[in-house]
Protein chains: 2
Amino acid sequence: MVLFEASSLRIGINMDPQALRPDLMAMLEGRGYRVTAPRKAITSLLEQKRDGFTSDEVSDELPSVGRATVYRTIKLLLEAGAVCRLAMMDGTQLYSLCGIGHHHHHWVCVECGAVKEIRAVAIEKLISEIGAGIPGEVIDHRLELYVNCGRCPATSGK
Amino acid sequence: MVLFEASSLRIGINMDPQALRPDLMAMLEGRGYRVTAPRKAITSLLEQKRDGFTSDEVSDELPSVGRATVYRTIKLLLEAGAVCRLAMMDGTQLYSLCGIGHHHHHWVCVECGAVKEIRAVAIEKLISEIGAGIPGEVIDHRLELYVNCGRCPATSGK
DNA sequence: ATAAAATTGATATTGCGTATCATCTACGCT
DNA sequence: AGCGTAGATGATACGCAATATCAATTTTAT
């Protein structure tokens, strides 16, 4: 995780997700869920993933585990806050491991699907200022940046 | 459309969508599409809508028009920039008429589905600063605020 | 009025996810 | 260690939003 300052913004970008290895199974167990073979398979696969992933992709990589179980387990991880869901430009859903515990946003490479976390205090501040000008209460928000990361095979090949 | 200043932010919130009546059919015609009865029915229905809407909802309100045509027409309006798509908190898609021509964001009431546009120069500035700290090029972004508008039947009834 | 091109709608199909439910398994208890 | 049961699984069916197919229809330029 690299932190740097950019014109009064404090931006945290997770540059090395390999360094962060959450124990997803332990997180589920801590929430009262049983330790089962399918869950161990799914969580240890996800721990290897640095980019965004779809449920289908996980399912394809684990033929021995039923599709329903893959969906169910990802849902549990979502509820546990270990995984987050983001929307691609066309609206399709992508999941991603949460490296940072805190609230954050994402950028996604539209070419290779790489996902990185963004944490900028300035964003939260701005959003709460906007919220002050809106009737009612702001419950949540979502911010996604769509990029061409310039590092992926798709981009560097061109 | 009401514009106001809030602590150095220039925020534009479309408070009166009734005032804006885009001629959607004319927009499609201008892009070379034919004027047909189903398209007229769809566009004039959409021109009445102030809140977000789903394709299904439109389809239900126009039983005489085939579902496929509803989807196709909304897609054309999306490409024409007359309609935008946003994601609800659970990831489901919602469409909304674009009152403002410029780039903007949205807030959505999670209770009643009301959608309003937000335009804040500060957001764009912040995003471009964040983009400067990211490898590659930022192509696009998405920002949605989820609110309890406090005005809808769902909320005021409580 | 006519013909070509665009559009339509019925239908089938896809993608992504949830519901059902009989079977199986983890794990707390003795 | 064995047992009982709540919890978990997976095959299947289903749901929902959207797209693909394609013959029939409609628009529009001529």
Side-chain angles (χ1 to χ4, degrees), chain A residues 24-46 52-80 82-96 108 113, chain B residues 24-46 49 51-80 83-96 108 113 115:
Chain A
L24 299 178
M25 192 62 251
M27 291 182 74
L28 291 183
E29 203 177 357
R31 289 172 70 93
Y33 298 108
R34 291 187 176 173
V35 178
T36 66
R39 283 180 182 158
K40 279 195 276 189
I42 295 166
T43 54
S44 61
L45 175 66
L46 294 188
F53 54 88
T54 61
S55 307
D56 240 37
E57 185 187 321
V58 174
S59 198
D60 288 348
E61 290 175 37
L62 294 172
S64 63
V65 178
R67 259 160 211 265
T69 300
V70 170
Y71 283 108
R72 279 188 285 239
T73 305
I74 291 178
K75 199 179 184 184
L76 294 181
L77 291 168
L78 209 54
E79 286 161 7
V83 155
C84 38
R85 184 168 46 187
L86 51 140
M88 292 296 281
M89 244 156 88
D90 65 358
T92 59
Q93 308 276 39
L94 202 65
Y95 298 90
S96 165
V108 204
Chain B
L24 300 178
M25 191 61 250
M27 291 182 74
L28 291 183
E29 202 177 358
R31 289 173 69 94
Y33 297 108
R34 291 185 176 176
V35 178
T36 67
R39 281 179 184 160
K40 280 195 275 188
I42 295 166
T43 53
S44 61
L45 175 65
L46 294 189
K49 294 217 173 268
D51 293 347
F53 53 89
T54 62
S55 307
D56 239 39
E57 186 186 319
V58 174
S59 198
D60 288 348
E61 290 175 37
L62 293 172
S64 63
V65 177
R67 253 155 218 269
T69 300
V70 170
Y71 283 108
R72 278 188 286 237
T73 304
I74 290 177
K75 200 178 185 184
L76 294 182
L77 290 168
L78 208 55
E79 286 161 8
V83 155
C84 39
R85 183 167 48 188
L86 50 141
M88 293 295 280
M89 243 156 90
D90 65 359
T92 59
Q93 308 276 38
L94 203 64
Y95 297 91
S96 165
V108 204
V115 174

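In the text below, chain A, chain B and the rest are named by the order of the sequence lines, each starting its count at 1.
Checking the phosphate oxygens (OP1, OP2) of D/dT19, no side-chain nitrogen or oxygen of B/Tyr71 falls inside 4.0 Å. Between B/Thr36 and C/dT8, a side-chain N or O to OP1/OP2 separation shorter than 4.0 Å is present. Contact check, A/Thr69 against D/dG10: a side-chain N or O comes under 4.0 Å of OP1 or OP2. Close to C/dT8, at under 4.0 Å from its OP1 or OP2, lies a side-chain N or O of B/Arg39. Side-chain nitrogen and oxygen atoms of A/Tyr95 include at least one within less than 4.0 Å of the OP1 or OP2 phosphate oxygen of C/dG17. At the phosphate of C/dG17, neither OP1 nor OP2 sits under 4.0 Å from any side-chain N or O atom of A/Lys75.
With rounding to whole Å, B/Asp60 atom CG is found 15 Å from D/dA18 atom C1'. Regarding B/Gln93, its CD atom lies at a distance of 22 Å from the P atom of D/dG15, rounded to whole Å. Remark: P of D/dA8 and NZ of A/Lys40 are 15 Å apart, rounded to the nearest angstrom. Atom-to-atom, CG of B/Asp90 to P of D/dA17 comes out at 11 Å; the value is rounded to the nearest Å. Atoms CG (B/Leu76) and C1' (C/dA6) sit 12 Å apart, rounded to a whole Å. Taking atom CD on B/Glu29 and atom P on C/dT7, their separation rounds to 11 Å, with Å as the unit. The CG atom of B/Leu94 sits 17 Å away from the P atom of D/dC16 (whole-angstrom rounding). Whole-Å rounding puts the A/Arg72 CZ to D/dA11 C1' distance at 11 Å.
For A/Arg34, the salt bridge (Lys or Arg N to Asp or Glu O under 4.0 Å) test picks out no residue, with sequence neighbours left out.
Proximity of B/Asp60 to B/Arg67: side-chain heavy atoms (C-beta onward) are separated by under 4.5 Å at one or more points.
Under 3.5 Å, the side chain of A/Arg34 and the base of C/dG28 form no donor-acceptor pair of N or O atoms.
Mapping B/Ala68 and A/Ala37 onto DNA chain D by nearest heavy atom places A/Ala37 at the nucleotide closer to the 5' end.
Nucleic acid contact class of A/Ser55 (heavy atoms, under 4.0 Å, all strands): sugar-phosphate only. The residue B/Ser59 sits apart from the nucleic acid: no heavy atom pair falls under 4.0 Å. Residue contacts shown for A/Ser64 are limited to sugar-phosphate atoms, with no base heavy atom under 4.0 Å away.
Of the possible polar contacts, none joining the B/Ser59 side chain to the B/Ser55 backbone as a donor-acceptor pair under 3.5 Å is found.
Side-chain atoms of A/Thr54 and A/Asp56 form no donor-acceptor pair, as typed in the model, at a separation below 3.5 Å.
Once rounded to the nearest 0.5 Å, the distance linking OG1 of A/Thr92 with CG of A/Leu86 reads 9.0 Å.
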